[in-house]
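Note that the structure is predicted; figures quoted are calculated from it, not measured.
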Amino acid sequence: MKGLFNLVIALSIITPVTVFFGYILMDEGDQFTTEHYMVTGLSTIPFIFALLVKFLMSGAEKE
């Protein structure tokens, strides 16, 4: 179970970085808009949920 959480956390860290650089490549380096920052920020939500689930389940593994 610990390996699964580490995999989910690793993938959820990669997602915002990929989205951010994807917007740079799609807009060919143009000026960032509010939409760029909003989508990048929203893509960090899976990372937050993965950390929350890992924190909540950390006590369950010890029993």
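Taken together through direct or relayed side-chain contacts under 4.5 Å among Ile, Leu, Val, Met, Phe, Trp and Tyr, Leu51 and Leu7 form parts of separate hydrophobic clusters.
Counting heavy atoms from C-beta on, the side chains of Phe47 and Ile9 come closer than 4.5 Å.
From Leu52, atom CG reaches atom CD1 of Ile45 across 12.5 Å, with rounding to the nearest 0.5 Å. Between atom CG of residue Leu11 and atom OG1 of residue Thr18 there is a gap of 10.0 Å, rounded to the nearest 0.5 Å.
The heavy-atom pair separating Pro46 from Ser12 by the smallest distance is C-CB, 3.9 Å.
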